[in-house]
Amino acid sequence: MFPTPIEKRSLPFNLSYRVAVWIALLLWLLPLIAVMMTSARSMADINSGNYWGIPSEWMLFENYTMVFTQTPMLRYLINSLVITLPAVFGAVALSTLAGYALAKYKFRGNVALFAAFIAGNFVPFQILMIPVRDLTISMGLYDTASGLILFHIAFQTGFCTLFMRNFIVGLPDELIEAARVEGVSEWQIFWHVVLPLVRPALAALSVLVFTFIWNDYFWALVLVQSDEVRPITAGISALKGQWMASWQLIAAGSVIAALPPVILFFAMQKHFIAGLTLGATKG
Amino acid sequence: MQKLHSKQQQWMPVLFLAPAVILFVVYVIFPILQSIWLSFYEWDGIGEKTFVGFSNYLELFDDYQFWVALKNNLYWMVFFMLAPPIGLGIALFLNQKIMGIRLVKSMFFFPFVISQVVVGLVFSWFYDPSFGLFNKAIGLFGIEPVAILSDENWVTFGIIVAGLWPQIAYCMILYLTGLNNLNPDQIEAARLDGAHGWKMLRHVILPQLRPATFIAVVVTVIGALRSFDLIATMTSGGPFGSSSVLAYFMYEQSIFNYRAGYGAAIATVLFLIMDIYIAYFLWRMLKSEKA
């Protein structure tokens, strides 16, 4: 292990390390702590510039109620779910099929196709913007959830296919061969042999992609414009324009927007990190 | 029967791949080509397109705003490179087994999980000229308040710092994973040889962390070139376009100035710059695949 385990150091060193870790964490998260505090402040506190001190009165309940009753925040929240859930499902489903084909079948162009998926995943969004926007408009899907969902599925398929392919490559070929010898059809093999084995990967990938799509802002700006469809990221920045002075409301909204990915992250931490660090330990 | 199966084995992968490939081609591959093609046209986004050859690119060359955006992209790339070493530093700091350390590690990762829009809002308060924590902090050292986000000399750096926050968290996680998988025998052997601290880090640990470093550098460069959300939420490219980058400049020209052809040319330039890194990444990835 590196650095040297702290237990092997002197007692004072050991103790001060334990304290230092928590102080460092506090400093690191200071901006977030401030936002959470601000979401519990009164308007009077905001006006008098008490942004960072202890709130003079705790308005947690009032502020969060107000966000939901006075602003379209609830609508944005629902919109984000309506967009994100099907998009995650679609991207993961398509890429499991594609990843399986790339991992377990030998055919010409296999590597080239794999490379195209990886490369596509890194392109700047701006090179896609105008054509994707035009395409969405011409399909009559501009300013609809479907327009955003379709795009997210298509784009995330790149990363998801990379992920699934790398996972499936590790599955033993013998299982598939054995099923073939038994006369099981290719589709049945996928459904009954491969799919049960990739369940952990599906969970990990879903959480990760949920976060990516939930946090998307660019496409929410480009493909959507009305409050009826707008997801929470674009919603909150629209709120900022309208409620400029009511920082406590923007803060409450920010906390709400951040919550779903944060909760998912804590629930599925190990998988989430395994997905993000894909390839960080080999190669 | 056997024959049917081998035939099935030939066309099934096509079926498995078809939905993903079709969507990917329609929404990613084809639009890239279309954007490049559009960059040779003068177009307001709605009406007739007029072929203008390279004139959009020539205009870019003379556009002051383009050079500002390009220069800012360069700043992003240079200063974003602080993320891997700082991330490594934090990872080394946290790589201990004390009570609660798992919670601490995941809390450190927090900034990466939340939306950049939220990060942007948080840092906007942080920099608030009258009440912001930043000005309170520098006030302790007797420095006059600076309105970071409306000062054209400081604005880009202010946004980069906001962007570094989640990026460092990401690099930290990459390194923590790498540190988890170090070869203990090598470290023990080096310890017996009397290596420790900096020497150990340089000659034993860092070489083993090379895969993590590679990924950290790639995602950091791509992240720097992709920067858009923070600029859009914190400054909209202002003041006077001084915090713009190519990604934002393109968006502004196409959506607000109705210059889709010009925007496509900006996007193409950004794409070409990015290609260098994409190609490098692919090359490395496919090489390790063969090994």
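By convention in this document, chain letters (A, B, ...) are assigned in the order of the sequence lines, proteins followed by strands, and residues within each chain are numbered from 1.
- Contact annotation for Ala93(A): neither backbone nor side-chain heavy atoms come within less than 4.5 Å of a heavy atom of chain B.
- The CD1 atom of Ile273(A) lies 10.0 Å from the CG atom of Leu174(B); values are rounded to the nearest 0.5 Å.
- Residue contact with chain B, scored on non-hydrogen atoms closer than 4.5 Å, involves the backbone and the side chain of Ala20(A) alike.
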- Message: Walk me through whether Ile130(A) and Gln34(B) qualify under side chain to side chain contact (heavy atoms under 4.5 Å, CB included).
- Response: CA-CA 9 Å; Ile130(A) 300 167; Gln34(B) 256 181 316; over 6 Å; no
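- Contact annotation: the side chain of Phe155(A) never approaches that of Leu23(B) to less than 4.5 Å [non-hydrogen atoms, C-beta and beyond].
- When all heavy atoms are compared, the tightest approach of Val113(B) to Pro261(A) is CG1-O, 3.5 Å.
- Between Ser106(B) and Phe265(A), the closest side-chain pair of non-hydrogen atoms falls below 4.5 Å.
- Counting only heavy atoms from C-beta outward, the side chains of Phe112(B) and Leu276(A) approach each other to under 4.5 Å.
- In terms of modelled atom types and a separation under 3.5 Å, the side chain of Tyr17(A) and the main chain of Phe93(B) share a donor-acceptor contact.
- Chain B forms the most heavy-atom pairs under 4.5 Å with one residue out of Phe117(A), Trp22(A), Phe114(A), and that residue is Phe117(A).
- Of the options Val35(A), Leu30(A), Thr38(A), a side chain to side chain contact (heavy atoms under 4.5 Å, CB included) to Val122(B) is made by Val35(A) and by none of the others.
- When the candidates Phe271(B), Phe108(B), Tyr175(B), Phe281(B) are compared by the number of heavy-atom contacts under 4.5 Å with chain A, Phe108(B) comes out ahead.
- Only the backbone of Asn121(A) comes within less than 4.5 Å of a heavy atom in chain B; its side chain stays farther off.
- Annotation: maximal heavy-atom pairing with chain B below 4.5 Å, among Thr233(A), Val111(A), Asn14(A), Val123(A), occurs at Val123(A).
- Remark: Trp191(A) CH2 is loosely packed, at most 12 non-hydrogen atoms of other residues, nucleotides or ligands lying under 6.0 Å away.
- In terms of heavy atoms, Ser254(A) sits closest to Leu121(B) at OG-CD1, 3.5 Å.
- In terms of non-hydrogen atom pairs under 4.5 Å with chain A, the most contact-rich of Asn180(B), Asn183(B), Leu201(B), Val219(B) is Leu201(B).
- Per-residue heavy-atom pair counts under 4.5 Å with chain B were compared for Ala154(A), Ala234(A), Gly99(A), and the maximum is reached by Ala154(A).
- The aromatic rings of Phe16(B) and Tyr105(A) are tilted relative to each other, their planes meeting at an angle between 30° and 60°.
- A distance of 9.0 Å separates CD1 of Ile153(A) from OH of Tyr27(B), quoted to the nearest 0.5 Å.
- Counting heavy atoms from C-beta outward, Trp28(A) and Ile90(B) have side chains that approach closer than 4.5 Å.
- Taking Thr233(B), Ile98(B), Val28(B) one by one and counting their heavy-atom pairs under 4.5 Å with chain A, the maximum is reached by Ile98(B).
- Atom CG of residue Leu17(B) and atom CG of residue Leu102(A) lie 5.0 Å apart, to the nearest 0.5 angstrom.
- Contact between Met12(B) and Glu186(A) at its shortest, heavy atoms only, is CG-CB, 3.4 Å.
- Looking at Asn215(A) and Val118(B), their side chains never come closer than 4.5 Å, going by heavy atoms from C-beta outward.
- Note: Phe228(B) and Phe218(A) have perpendicular aromatic rings, judged against thresholds of 30 and 60 degrees for the angle between ring planes.
- Interface check for chain B: of the options Cys160(A), Gly253(A), Ala251(A), Ala274(A), the most heavy-atom pairs under 4.5 Å are formed by Ala251(A).
- The heavy-atom pair separating Ala98(A) from Ala20(B) by the smallest distance is CB-CB, 3.8 Å.
- Using a 4.5 Å cut-off between heavy atoms, Ala34(A) does not touch chain B at all.
- By the 4.5 Å heavy-atom criterion applied to side chains, Thr4(A) and His196(B) are not counted as neighbours.
- For the atom pair CZ of Phe2(A) and CG of Leu182(B), the computed distance is 9.0 Å after rounding to the nearest 0.5 Å.
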- Query: Taking it one step at a time, do Leu29(A) and Met107(B) satisfy side chain to side chain contact (heavy atoms under 4.5 Å, CB included)?
  - Reply: CA-CA 8 Å; Leu29(A) 292 183; Met107(B) 298 280 268; 4.1 Å; yes
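- Taking the side chain as every heavy atom from C-beta outward, Tyr251(B) and Val222(A) approach each other to under 4.5 Å.
- More than 12 heavy atoms of other residues, nucleotides or ligands sit less than 6.0 Å from atom CZ of Arg191(B).
- Between chain A and the residues Val104(B), Val119(B), Val25(B), Leu133(B), the most heavy-atom pairs under 4.5 angstrom are made by Leu133(B).
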- Message: I'd like to know whether Phe107(A) forms a side chain to side chain contact (heavy atoms under 4.5 Å, CB included) with Val14(B), so could you lay out the CA-CA distance, the side-chain angles of the two residues, the decisive distance to 0.1 Å, and finally the verdict.
- Response: CA-CA 10 Å; Phe107(A) 56 90; Val14(B) 178; over 6 Å; no
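- For Phe272(A), the part sitting under 4.5 Å from any heavy atom of chain B is the side chain, from C-beta outward, and nothing else.
- In this structure, chain B has heavy atoms under 4.5 Å from both the backbone and the side chain of Leu150(A).
- Contact count against chain A (heavy-atom pairs under 4.5 Å) is highest for Asp229(B) among Asp229(B), Ile215(B), Asn181(B).
- Within the 4.5 angstrom heavy-atom criterion, atoms from both the backbone and the side chain of Leu92(B) approach chain A.
- Counting all heavy atoms, side chain and backbone alike, Pro124(A) lies closest to Arg226(B) at CA-NE, 4.4 Å.
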- Message: Please determine whether ring pair (Phe, Tyr, Trp, His ring centres under 6.0 Å) holds for the pair Phe266(A) and Phe109(B), giving the CA-CA distance in whole Å, both sets of side-chain angles, and the decisive distance to 0.1 Å.
- Response: CA-CA 11 Å; Phe266(A) 270 102; Phe109(B) 186 60; 9.8 Å; no
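- Most heavy-atom pairs under 4.5 Å with chain B, from the set Leu128(A), Thr161(A), Thr157(A): that is Leu128(A).
- Across Gly90(A), Pro5(A), Ser237(A), the residue that shares the most heavy-atom pairs under 4.5 angstrom with chain B is Pro5(A).
- Checked by atom type and distance alone, the side chain of Gln126(A) never pairs as donor or acceptor with a backbone atom of Met250(B) at under 3.5 Å.
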- ring pair (Phe, Tyr, Trp, His ring centres under 6.0 Å) assessment of Phe122(A) paired with Tyr277(B): CA-CA 9 Å; Phe122(A) 285 130; Tyr277(B) 300 94; over 10 Å; no
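- Taking CD1 from Ile114(B) and CG from Leu32(A), the interatomic distance works out to 4.5 Å, rounded to the nearest 0.5 Å.
- Counting only heavy atoms from C-beta outward, the side chains of Leu162(A) and Met285(B) approach each other to under 4.5 Å.
- Contact count versus chain A (heavy atoms, under 4.5 Å) is highest, among Trp125(B), Phe214(B), Phe123(B), for Trp125(B).
- The CG atom of Leu15(B) sits 9.5 Å away from atom CG of Leu97(A), with the distance rounded to the nearest 0.5 Å.
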- Check the pair Ile127(A), Leu270(B) against side chain to side chain contact (heavy atoms under 4.5 Å, CB included), reporting the backbone distance first and the verdict last. CA-CA 8 Å; Ile127(A) 193 89; Leu270(B) 181 59; over 6 Å; no
